[in-house]
Each structure stands twice: as C-alpha cells, then as structure tokens.
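Take a look at the structure below.
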Protein chains: 4
Amino acid sequence: MSSKDKIITAAIEVFSEHGYHRASMDEIALRACVAKGTLYYNFPNKAQLFKTLVKQGLQEIMDTTCQALDMPLTLEESIQRVIRLNLDMFLESTNFAHIIFNELSNGIEQEVLLEIKELRREYLHFLADILEESKCGGYVRDVNCMIAATSIVGMLQSSCNYYLNNKNEMSREDLEYFLFTLITKGLFTTHA
Amino acid sequence: MSSKDKIITAAIEVFSEHGYHRASMDEIALRACVAKGTLYYNFPNKAQLFKTLVKQGLQEIMDTTCQALDMPLTLEESIQRVIRLNLDMFLESTNFAHIIFNELSNGIEQEVLLEIKELRREYLHFLADILEESKCGGYVRDVNCMIAATSIVGMLQSSCNYYLNNKNEMSREDLEYFLFTLITKGLFTTHA
Amino acid sequence: MSSKDKIITAAIEVFSEHGYHRASMDEIALRACVAKGTLYYNFPNKAQLFKTLVKQGLQEIMDTTCQALDMPLTLEESIQRVIRLNLDMFLESTNFAHIIFNELSNGIEQEVLLEIKELRREYLHFLADILEESKCGGYVRDVNCMIAATSIVGMLQSSCNYYLNNKNEMSREDLEYFLFTLITKGLFTTHA
Amino acid sequence: MSSKDKIITAAIEVFSEHGYHRASMDEIALRACVAKGTLYYNFPNKAQLFKTLVKQGLQEIMDTTCQALDMPLTLEESIQRVIRLNLDMFLESTNFAHIIFNELSNGIEQEVLLEIKELRREYLHFLADILEESKCGGYVRDVNCMIAATSIVGMLQSSCNYYLNNKNEMSREDLEYFLFTLITKGLFTTHA
DNA sequence: TATGAATGAGTTTTCATTCAT
DNA sequence: AATGAATGAAAACTCATTCAT
C-alpha cells in the first residue's frame, strides 16, 4: 500500500471522526503511519487533501449507481436501487457523507470550497438527470429536477442520521420503505 | 442595548459567516464593540455562547409556529404555514440554520454538543407532534412521525440552500409550491 | 461581621487552598459573599491583601507564644511549649504556613514581597531571642541563633507536612517527641 | 546543543527566577532562542516541562550522592559528605531547589503535582535509607528515618536560604559546621 | 460603604506548513 | 520519496483592576 493510499484511508477516518476543522494533519499522519512531511509531499495542503477525498468518494457513488442502473429495470426498481445505494453510502460512512454534504458551508478555504461545491453539484446533476429522464417518460411530476434531487439528498441524509441514532425505533427496511414511499408518492405521477 | 445583546447579535453574524470553528471570539468581540473580557464575563466559553444562540433561535421558531397555528385553519393551510415559517427561517438566516442542523456532527465540545442535539430533538418533536395530530385525524399516512419531521427539515434546508445559490432558476413561490406538493403528496392521504 | 473580616477569612481559605498565584480575587469575593468591588474598596490590591493576612497570622503566633512563655517555666517546658504552639500553627493551617514560609521566593510583587520577608524575619528574630536568652544561661550551644531559629522553623514545617500526609505512620506525640529530642540534643548543652 | 537542551537550560533559569506560576512559556522560548512552537514540540505542556526539570534535578543529586558514598568512609565522613553535597545543591541553585521542595504545595496541575511529589518522596527515601543503615549500626537514635530525612532537608533548605541572604554574618564553613553539629548531636548516639 | 459590569494585557496552547537532510 | 524538527500566527481563555452608580 503506497503512502498516498495510506494517507487517504487515514484521512477519511480522521475527517469523519472529527470534522474538517478539528481533524489535524498530525493525527492523519499518525494514523497513516507516515511522517508529517510525507503528507505534504503527497498533497499540497489540508484543503487539497480533503478535496481529493470528496472527489474520490462522490465518483465512487456515481460509478456504483451507474453500474446498478445499467440493466433493464422498471422505473420503480431503478428508484429503489438509487435509494438503496445512497442509503448504503450514508449509513456506512455517515460522517463522511455528512462532511461532503454539510460541513462545507463555511470555514473552508474558498478556492477549494468552490471546487468541492462544484463536485457536489455534479453529483446532484447526475441524480437530477435520472429524474429528468423519468419526467420525460411522464412518470415524474413537472418539477425542477435539480431541486428535487437536492431535496432527496437532504432528506436521505437527515433521515439516515436519525435512524443511526435511533435504531431501536425502526428497521432499515422501514427506513427504506418510508423514503421510497415519500419520494414516489411525492414526486411521481399516479401511473407509476 | 446591553452588552449581552450586542454579543448575541454579533455572534450570530460571525458564526453564520464562518461556521463554528472558524468563528473567533476576537472577531465576535470586535463586531459587538466590546472587549474580549466582556465576552467571557457574559458567557463562560465559546461553546456555551453558541448553545445560547441555538437555544434562542429554535425557541423563536417554535414560538412563532405555535402562534401561527393557534387559529382555526384547514389542514392544508396549517401545513402551508409551517412550511412557510420554516422557509423564512432557513432563507433569512440560512447559515445559522445550517449551523444548527448540520455543523453539529463533530468537533464541538461534547458536553455542549449533546445539549444542542437535545434542543434540536425537541424542535423535531415539536414538528412530529403536529404531524401526529394529523395522523390521528386520518390525514397523514401511517409513518414514523419523528423520521418524517427529520426528513422534512433536511429537505427544507437543502432545498433552501440550493435556492439561495440559484435564485435565477426559480422564484420563492416555486420553491414553496414544490415543497408543499412533495410533502402533502408524499405524506398525506388522498383525502387531504 | 464586617466586610473586611469576611474578606480576610475567605482570603486565608482561598490562598491556603490554591497558593498565592492560583488564588483568584473572584473566588475570594465569592467565598466572602461580597462583590468584587468590595475587595478593592477594602484592600488596594491582591498583594496588599495577602500581606495583611501574613502580618496578622505571624502577629497572632507571636502573641500566643509570648503569653505562653509569660509564666515561670523550666527551660525544657519553655522549649516544649514553643514547639507545641508552632506545631499547632503548622498543623492547623499548614497551607497558610507553607505560603508564609515558602511561597514567597519569587513571583510576588517586589514591594510587598520585601515587606512580607521583613515580617517573617521579625518572627525569626523573636524565636532567636528566646534562644539567645537560653544561650546566655549556658543552656544552648554557642551557635548563631538566627540560623538556628531558621533551621528549626524549616524543620518544623517540613516534618509537619510529612506528618500530615502520613498520619498512619506516627502519632502527633511521636512527632512532637521527635522534634523536641532533635532540637534539645542538637542545640542544647548536656546540662539541659 | 539540541533544542531540547536549550529549552531545559532556559526553563531552569526562568522557573528559578520567577517561580512556577510567574514563569511564562514565552520567556522560556525567548531565553532558549527557539520558537514557542518548539517548546510544545518537545514538551506537551508547561507542567510536564517542569516535571522533567525536577526529575532530572533530583536524579542528579542522588547520583552524585551515591558516587560520593561509594567508598570506604567513617560514618562521620559520610554524613559530612551528604550534608556538603546537599548544601552545594541548595546554594548553587537555591531557587530551583526551593521550587522542588516548596513551591509544589498547590496550584500546579494535579496530575503532574502528584508525580513530582512522588519523585521528591523517592529522594527522601534515598536519604532515609542512608540513615536507616546507620541506625542498624547503632549510630542513630531510634527515630522514624523518613521524618528525620524530611526534617533535615527542611532544615538545610531554610538555613541555606538564610545564609544566602546574610552572607556577611557567617561563612559557609560556619553553616556547614552548624548543620553537621545539629544533625549529629540531634540524631546520633553519643558513640558516633 | 458597596457593587458588579466591563476591561485588556497576558498566558497557554494548537496546528498547518516549511525545509534541511 | 520520505522524514521530523522547527516555526509562528492565531486562538481560547484568565484575571487583577477600574469605575460609574
């Protein structure tokens, strides 16, 4: 495993545990079992290291989603798959997802912040395009698909967060069913 | 205007602009036009100051919402009002709302973090109770109201965020209508 | 009880518990149940407040000792009394005694430090004079009485400290007997 | 000279001059000619830095004393040597010795304070063991050797302090002779 | 005589970043 | 390609003291 990879693995851990600001380069180096200098040999600075992780993370979800949709499916099945995959991401690495989608507001170096926002936007566009297609098929109500995608992601994330802190109240199936219903009933035409 | 009030006003500004971690006590003091010592005379530390703001903010929304619902309204009208009030909050002070609902994940002093999470939970319960009532009336589908409330807040917030960054794409009415539809169609029975 | 007295009582407590530097005027005011301003109304500053306590404390011991010696006693009895009284002081308010005799070295405002050192010196002189008298009577070896007094006080204090932390090892009588023996055998001529 | 050594040298100076609380990390860094960050790179905090100094200081005295006693000597000679070495320490670095033996009372971070007290205790045990041996040989009266050692150290320290401030009154030989006499007559049996 | 809000200089500590090796 | 000692700016927080009331 290369130094770079060790650093990336460690960085995801540390950023997830402490959030961007409280994550220290020292701890990342320690966890990666490399010297601090090695961090800066591989990444120009903290913000860029963070951006790399975000980019990689979002790319992975998009790739997985693409693969999952790359087969003949009914609209319902497609929707369910996308929800399930996103739930996987949010539940498996909630903190990291949280960071990507939320802790970006302020306090991160402008230059990098903008790039990360752009990445996030790309991901939302990716989801919006799926909705757009369904809209063309007449299955989705006439809504702004970007804002619909944004809303869905916000909903997924906040509900996952709640679910993780209150697992006793409901099963993962319940959560999935709830979200599936809310989204289909809320966004889709009755024919769906 | 008392020092305490000046500090609170300044603190909301600064926390909103920079997020919790990048907000510095120095800047808050500067903006409030008081000495740094005055900050610490009025609030024991940064985290407690922050908690005060959050508490006050959430209380205000709850109060306003309660007032708004304290009159004979159809269910539709009630829903619309709650959405509108929450949109007001999210749009008028997005960053602050963002902080309350998101930047709490990690990196804030445990003790205070837990208190704030509890406050947030109270607010969600407050919303969930409104839904619960409607459920008893048979207007809302049989869902876990807490997770529904959580999802709605997540949705409101992420969509507001998007709207603020893309005002050219849609009007506030569009946003409100979209959310109203998504929520009513998604959560309510057809009779509603 | 006057404000001044309340402050003095509280101050002794707080200085004893935390040492001069860690004792805060805030805590003293709190314990004395007066406002902070009242401290500064009664004493010009922290150092002067401290000096007042020291002065008062040393004066009390000297007075008590004088009284105790102001009656016909054999030399042995006199010695024993002086030891006992000093032990009382050191044991009852070790921390305060510690402060008076030790924590004065550095870090206290020069001006006041010198005054306090002078007070301590007076006390040592007081003890030295008692020795001097015995020396004239031929009971004490020909030593520098000031250094003998200084040594005795140092010994009393360090042994009290040890005793307080290791009460299980010895009784107060053992301690008193040990010190009495060490001092008489060490300083006195065999006739004593 | 390594940064660490420079810091230690400077720290001893500064702590000696101002006492623990008034010694500032800024001044230590300045004197050591290193950046403030370097202090914290080498020592986790002020208290630990202080502990390091104390540990090192006490170790040195014990080592020197051991060496000095590691040769055939009469009891008298041994005693004299131990006194002389301790005097050396107290006179050469009075302030530092003062800090070790006195300024520990209160106001230092608990955790470190306890460690330092333990170190001091070790040193006293070291002295007590020397006395214990002599006691077995029948040269020392039947006393609790720990409290004897404690008393001796207290006596040495306070008398040194006095001597340093009143050099005109007596020579170092006088001081040494006085202490030697007080200790041998006070603690030893007449055969010694 | 007493108050307590306000001050600001001073202190410890953190941490991203640099650079000689 | 990797190291880790060194840096210094920035941050949170403390506390003796002042002063208008």
Side-chain angles (χ1 to χ4, degrees), chain A residues 2-4 6-7 20-30 32-50 109, chain B residues 2-4 6-7 18 21-30 32-49 109, chain C residues 2-4 6-7 20-30 32-50 109, chain D residues 2-4 6-7 21-29 32-49 109:
Chain A
S2 74
S3 279
K4 200 160 194 163
K6 284 195 287 182
I7 292 168
Y20 180 78
H21 288 293
R22 290 272 236 190
S24 83
M25 295 298 264
D26 271 75
E27 191 176 348
I28 293 172
L30 200 73
C33 298
V34 300
K36 226 197 303 193
T38 311
L39 253 56
Y40 285 87
Y41 181 77
N42 286 283
F43 301 90
N45 56 43
K46 189 182 179 180
Q48 293 286 341
L49 167 58
F50 185 60
E109 288 69 7
Chain B
S2 75
S3 279
K4 202 161 192 163
K6 284 195 287 178
I7 291 168
H18 304 304
H21 289 292
R22 283 284 193 114
S24 89
M25 294 300 263
D26 272 68
E27 190 177 349
I28 293 171
L30 203 70
C33 296
V34 299
K36 222 189 310 186
T38 310
L39 251 57
Y40 287 91
Y41 180 75
N42 286 284
F43 301 91
N45 54 45
K46 188 181 179 180
Q48 293 284 341
L49 167 57
E109 289 69 8
Chain C
S2 74
S3 279
K4 199 160 194 163
K6 285 194 287 180
I7 291 168
Y20 180 77
H21 289 293
R22 291 271 230 180
S24 82
M25 296 299 263
D26 270 75
E27 191 175 350
I28 294 171
L30 200 73
C33 298
V34 300
K36 227 197 302 191
T38 312
L39 253 56
Y40 286 88
Y41 181 76
N42 286 283
F43 301 91
N45 55 43
K46 188 180 180 180
Q48 293 287 338
L49 167 58
F50 184 60
E109 288 68 7
Chain D
S2 75
S3 278
K4 200 161 193 164
K6 284 194 287 179
I7 291 168
H21 289 293
R22 282 285 192 115
S24 87
M25 295 299 262
D26 272 67
E27 190 175 349
I28 294 172
C33 298
V34 298
K36 224 189 306 186
T38 310
L39 251 57
Y40 286 89
Y41 181 76
N42 286 284
F43 301 91
N45 53 44
K46 188 180 179 181
Q48 292 285 339
L49 167 57
E109 288 70 8

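- When each of E/dA2, E/dT17, E/dT7 is scored by its nearest atom to the side-chain atoms of A/Met25, the top-ranked nucleotide is E/dT17.
- For the pair C/Ile28 CD1 and F/dC15 P, the interatomic distance rounds to 12 Å; values are reported in whole Å.
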Q. Under a cut-off of 3.5 Å for both distances of each Watson-Crick or G-U pair, what dot-bracket string does DNA chain E give, using [ ] for crossing pairs and | for inter-strand pairs?
A. .||||||||||||||||||||

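- Note on C/Ala47: nothing from the nucleic acid sits closer than 4.0 angstrom, heavy atoms only.
- Taking all atoms of both residues into account, the shortest heavy-atom contact from B/Glu109 to B/Ala47 is OE1-CB, 3.7 Å.
- Listed nucleotides E/dA16, E/dA6, E/dT12 differ in distance to A/Lys46; the shortest reach to its side chain belongs to E/dA16.
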Q) Where do A/Tyr20 and B/His21 land on the side chain to side chain contact (heavy atoms under 4.5 Å, CB included) test, with the steps shown first? A) CA-CA 9 Å; A/Tyr20 180 78; B/His21 289 292; over 6 Å; no

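- For D/Glu109 and E/dT11, the CD to P distance is 15 Å, given to the nearest whole Å.
- If C/Pro44 and D/Asn42 are placed on DNA chain F by their nearest nucleotide, the residue sitting closer to the 5' end is D/Asn42.
- Residues C/Ile7 and C/Thr38 share a closest heavy-atom pair of CD1-O, 3.9 Å.
- Listed pair C/Ser24 / F/dC15 fails the phosphate criterion, with no side-chain N or O lying under 4.0 Å from OP1 or OP2.
- Contact annotation: B/Lys36 does not reach the phosphate of E/dG8 (side-chain N/O to OP1 or OP2, under 4.0 Å).
- Taking all atoms of both residues into account, the shortest heavy-atom contact from C/Met25 to C/Leu39 is O-CD2, 3.3 Å.
- Nearest nucleotide to the D/Val34 side chain, out of F/dT7, F/dT3, F/dT17: F/dT7.
- Residue D/Asp26 places its side chain closer to E/dT12 than to any other of E/dT12, E/dA16, F/dT17.
- Every side-chain hydrogen bond (donor to acceptor under 3.5 Å, both in side chains) that A/Lys36 has, sequence neighbours left out, goes to A/Asp26.
- Counting non-hydrogen atoms under 4.0 angstrom, B/Ala29 reaches nothing in the nucleic acid.
- Rounded to a whole Å, the CZ atom of A/Arg22 is 16 Å from the P atom of E/dT13.
- For D/Leu39 and F/dA6, the CG to P distance is 11 Å, given to the nearest whole Å.
- Projected onto DNA chain E by closest heavy-atom contact, C/Thr38 and D/Ala23 fall at different nucleotides, the more 5' of which corresponds to C/Thr38.
- For A/Ala23 against A/Lys46, the heavy-atom pair with the smallest separation is O-NZ, 2.8 Å.
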Please tabulate, one pair per line, each protein N/O and nucleotide N/O from nucleotides 19-21 of chain E that are separated by under 3.5 Å, including the distance.
none

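- With rounding to whole Å, D/His21 atom NE2 is found 11 Å from F/dC15 atom P.
- Using a 4.0 Å cut-off, no side-chain N or O of B/Asn45 falls inside it from OP1 or OP2 of F/dT14.
- In this entry the distance linking NZ of D/Lys6 with C1' of F/dA6 reads 10 Å, nearest Å.
- Rounded to whole Å, the distance from CZ on A/Phe43 to C1' on E/dT17 is 16 Å.
- DNA chain F is contacted by both A/Cys33 and D/Lys4; A/Cys33 maps to the nucleotide lying nearer its 5′ end (nearest heavy atom per residue).
- We find that CG of C/Leu30 is positioned 13 Å from P of E/dT3, with the value rounded to whole Å.
- Between atom NZ of residue D/Lys4 and atom CG of residue D/Leu49 there is a gap of 10.0 Å, rounded to the nearest 0.5 Å.
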